[in-house]
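These notes concern the structure reproduced below.
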Amino acid sequence: MKQLVIGIDGGTERILRHFDMPFTSGLLEKSAIKRPNEDVWSRGWAEMYTGLHARETKAFYEMPALDGSHRFHRKFGWKDATGNPGVRFLWDALDQAGVRSLFMNIPTTFPAPPMKHGVFIAGAGGGLNDVSTIPDGLCSSEEARRLLEEMGYVVDLRYQPSGITELAVLFERLDEMMTRRAEGFVRLAKHYESEFGFLAFRATTIVQYVALSEIEMLIGGMDMPELGGPEESRERPIHAMLREHYRKLDAALELLFTELQPGSFILTADHGHVPFLKRANLNPVLSRLGYQQTSTAGRSLKKTVSRLLPTKLWLRLAKSAPRAIKEKSRGYAVGNSRAFAHENVHGIYVNDARRFGGPVAEGDVDGVVDELCRKFNEDPEVVANGMSATPYRRLHLDAHFADMLPDIWVDRPEEIFFDGDGGSFVEPNPNFAPILDLRDVPTDVNSGQKGRVPLFVCDRQLGARIDDLDPADLTVVYRAVCDAFGIGPQG
């Protein structure tokens, strides 16, 4: 194989270096290591397969519906990016160049796009979740589907939709999925004599979202008060499961390199993983600063329910509640407020008349942005939590999906996640704790969250070229692959 790209969803260098992974450790020592920086709002996988930020492709983790309401959604698939006619997908670029390529399990690529010279096995995500059998549309080739079915290929598994309640079962199924993925990729790559391959593993990110608190315990994070004292640091069954998971990840990587012998490679991730220590909701600050009209009914509903239920049960219910109920439980009247924030978005929207039917006229947006940034940055609680606000949308008005952008970007420490469900501005994440029983884990994003610096390792020859390709973010993967096959830049 001329070039192989392997993505480990949530792959993080410091985590991989901790566990006993002899093959991976050797690879890290003899390769070039780069550190791209992600904003973790633009989907990293889509950056890799389009070469563009979500501003140009609509590949946001969360986005406004822009239907005159204040609804948001997180559904995205590769076809959504075709709303920008300037997008050229990596698989199309390779196919047009006559390259025999193999794509497998890249999130948000369902249904599989048609290929003339290559084979595509779509990934879940962006709306297709927890798929236990191979559905129609997953494979671009019926022959490839048959080959994968023969070897028991596992499409995907998501923690909450799976209904799994035992740690041992969760790890067993994730490890099996990862191993079958590597074996399936090798089989197809050899069968089709692929010149280029792009494979994504998702099992590790599920492990890290759920159990990063335990991983930090093993790495040596006992100086973190959130992890408790000596009693919590004792060996538990989950520690052996974690060690075995990373051992099997190492074996999967070794299988791929040994069997395919790539001339060039990239081992990367769509984002890193960091401890999820604090939950944040920007709306209480906006209310305090006078940009929101309080909704007594919504605030009372949230306060009453949260007081009656244990914190973890409240979080589980809040995460799984229909969006209509979530909207009614907001602590502010969104229609009459001048600004609002939303979970999973690192910023603030001005409630303008054109996009949201709000009270702010289009000509007044910049003034509200400047005033709000100043007040936000002067707020003592904001300063104490290490946050800052800067104008954002007006800097990207030429972007294809500019209307989806928040007017203000809010930088924050990585330990803080814009969860959006809390009644306070910033509060501790009660789930960053030892895991004794999987039934006590209320949500997929439990003790780990997306980090800005993804794993990025490549062969040294490619590493020497990377600087010329501008490695500011994961769009460099697209450019590196095109460069390797002599494909010019997209229009």
Side-chain angles (χ1 to χ4, degrees), residues 5-17 28 31-63 76 90 106-108 200 204-205 208-209 212 265-278 280 344-348 385-393 395-396 399 401 404-406 408-418 445 448-458 460 462-483:
V5 177
I6 302 173
I8 302 173
D9 200 319
T12 305
E13 183 184 341
R14 66 182 288 266
I15 296 176
L16 298 186
R17 285 189 180 278
L28 291 174
S31 305
I33 297 177
K34 303 292 181 177
R35 291 182 174 84
N37 194 288
E38 289 293 297
D39 65 15
V40 294
W41 186 45
S42 175
R43 293 175 183 262
W45 298 118
E47 290 184 3
M48 293 184 222
Y49 67 66
T50 66
L52 300 167
H53 186 276
R55 292 186 295 265
E56 306 298 338
T57 64
K58 200 180 178 182
F60 302 107
Y61 281 112
E62 191 97 15
M63 67 193 93
F76 172 80
L90 182 59
I106 315 303
T108 70
T204 299
T205 200
Q208 291 170 180
Y209 274 129
L212 195 61
F265 77 90
I266 297 173
L267 176 62
T268 188
D270 58 328
H271 55 78
H273 252 117
V274 294
F276 176 11
L277 301 183
K278 298 177 182 179
N344 294 328
V345 180
H346 302 261
I348 299 168
N385 281 285
M387 295 189 197
S388 62
T390 53
Y392 184 68
R393 185 169 69 99
L395 303 179
H396 303 285
F401 295 99
M404 292 189 164
L405 307 181
I408 295 170
W409 188 264
V410 177
D411 283 313
R412 43 80 188 174
E414 282 196 299
E415 67 184 28
I416 298 176
F417 178 54
F418 288 126
V445 183
Q449 62 162 302
K450 297 176 180 69
R452 296 189 186 106
V453 182
L455 173 74
F456 195 102
V457 184
C458 61
R460 288 184 174 172
L462 176 57
R465 291 274 299 118
I466 286 288
D467 291 338
D468 295 331
L469 296 170
D470 182 17
D473 55 34
L474 288 170
T475 60
V476 71
V477 172
Y478 181 99
R479 294 192 289 278
V481 173
C482 289
D483 184 64

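Just so you know, these numbers come straight off a predicted model, no measurement behind them.
Proximity of V40 to E414: side-chain heavy atoms (C-beta onward) are nowhere separated by under 4.5 Å. For the pair V274 and R452, the minimum side-chain heavy-atom distance is 4.5 Å or more. Considering only heavy atoms from C-beta on, T390 stays 4.5 Å or farther from I408 through its side chain. Residues L212 and F276 form no side-chain contact, since every pair of their non-hydrogen atoms from C-beta on lies 4.5 Å or further apart. You'll find the side chain of L277 stays beyond 4.5 Å of the side chain of I416, heavy atoms only. Two residues are said to be in side-chain contact when any heavy atoms from C-beta on lie closer than 4.5 Å; D411 and M387 fail this criterion. Side-chain contact between R55 and L405 is present, with at least one heavy-atom pair separated by less than 4.5 Å. Looking only at side-chain heavy atoms (C-beta outward), I466 and C458 come within less than 4.5 Å of each other.
In terms of the side chain to side chain donor-acceptor pair (under 3.5 Å) criterion, E38 has no residue partners (sequence neighbours excluded). For E415, the salt bridge (charged side-chain N to carboxylate O under 4.0 Å, His left out) partners are K278, not counting sequence neighbours. Every residue two or more places apart in sequence or in another chain that forms a side chain to side chain donor-acceptor pair (under 3.5 Å) with Y209 is listed here: K450. Legend: residues meeting ring-ring contact (aromatic ring centres under 6.0 Å, His included) with W409, ordered by chain and number and at least two apart, are H346, Y392. Considering only residues two or more places apart in sequence or on other chains, R17 meets the side-chain contact (heavy atoms from CB on, under 4.5 Å) condition with E13, L28, E29, I33. Every side-chain contact (heavy atoms from CB on, under 4.5 Å) that A46 has, sequence neighbours left out, goes to R43, Y49, A59, F76. Partners of T268 by side chain to side chain donor-acceptor pair (under 3.5 Å), not counting sequence neighbours: none found. When the side chain to side chain donor-acceptor pair (under 3.5 Å) test is applied to E47, the partners found at least two apart in sequence or on another chain are S42. Scored by the ring-ring contact (aromatic ring centres under 6.0 Å, His included) test, F456 finds no partners at all (sequence neighbours excluded). Here F60 pairs with W41 under the ring-ring contact (aromatic ring centres under 6.0 Å, His included) rule; sequence neighbours left out. Residues forming a salt bridge (charged side-chain N to carboxylate O under 4.0 Å, His left out) with R465 (at least two apart in sequence, or on another chain): D468, D483.
Here I15 contributes atom CD1 and L455 contributes atom CG; the two are 10.5 Å apart, rounded to the nearest 0.5 Å. Separating the CZ atom in R412 from the CG atom in N385 is a distance of 12.5 Å, to the nearest 0.5 Å. We find the CZ-CE distance between R479 and M48 to be 12.5 Å, quoted to the nearest 0.5 Å. In this structure, NZ in K58 is found 4.0 Å from CE in M404, a value given to the nearest 0.5 Å. The CG atom of D39 lies 3.5 Å from the NE2 atom of H53; values are rounded to the nearest 0.5 Å. Here CG of D9 is found 8.5 Å from OG1 of T204. Values are rounded to the nearest 0.5 Å.
Nearest heavy-atom pair across N344 and F417 is OD1-CZ, 3.0 Å. Nearest heavy-atom pair, N37 versus D473, reported as atom, atom and distance to 0.1 Å: O-CB, 3.7 Å. When every heavy atom of L474 is checked against every heavy atom of P36, the shortest pair comes out as CD2-CG, 4.2 Å. Of all heavy-atom pairs spanning D270 and W45, the tightest one is OD2-NE1, 3.1 Å. Closest approach of G44 to Y61, counting heavy atoms only: N-OH, 3.9 Å. In plain terms, the two heavy atoms of G386 and P413 that are nearest each other are O-CD, 3.5 Å.
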Steps toward side-chain contact (heavy atoms from CB on, under 4.5 Å) verdict (L462, I266):
CA-CA 9 Å; L462 176 57; I266 297 173; 3.5 Å; yes
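For the pair T50 (side chain) and L52 (backbone), a donor-acceptor distance under 3.5 Å is present. Remark: the backbone N or O of G272 is not paired with any side-chain donor or acceptor of T12 at under 3.5 angstrom.
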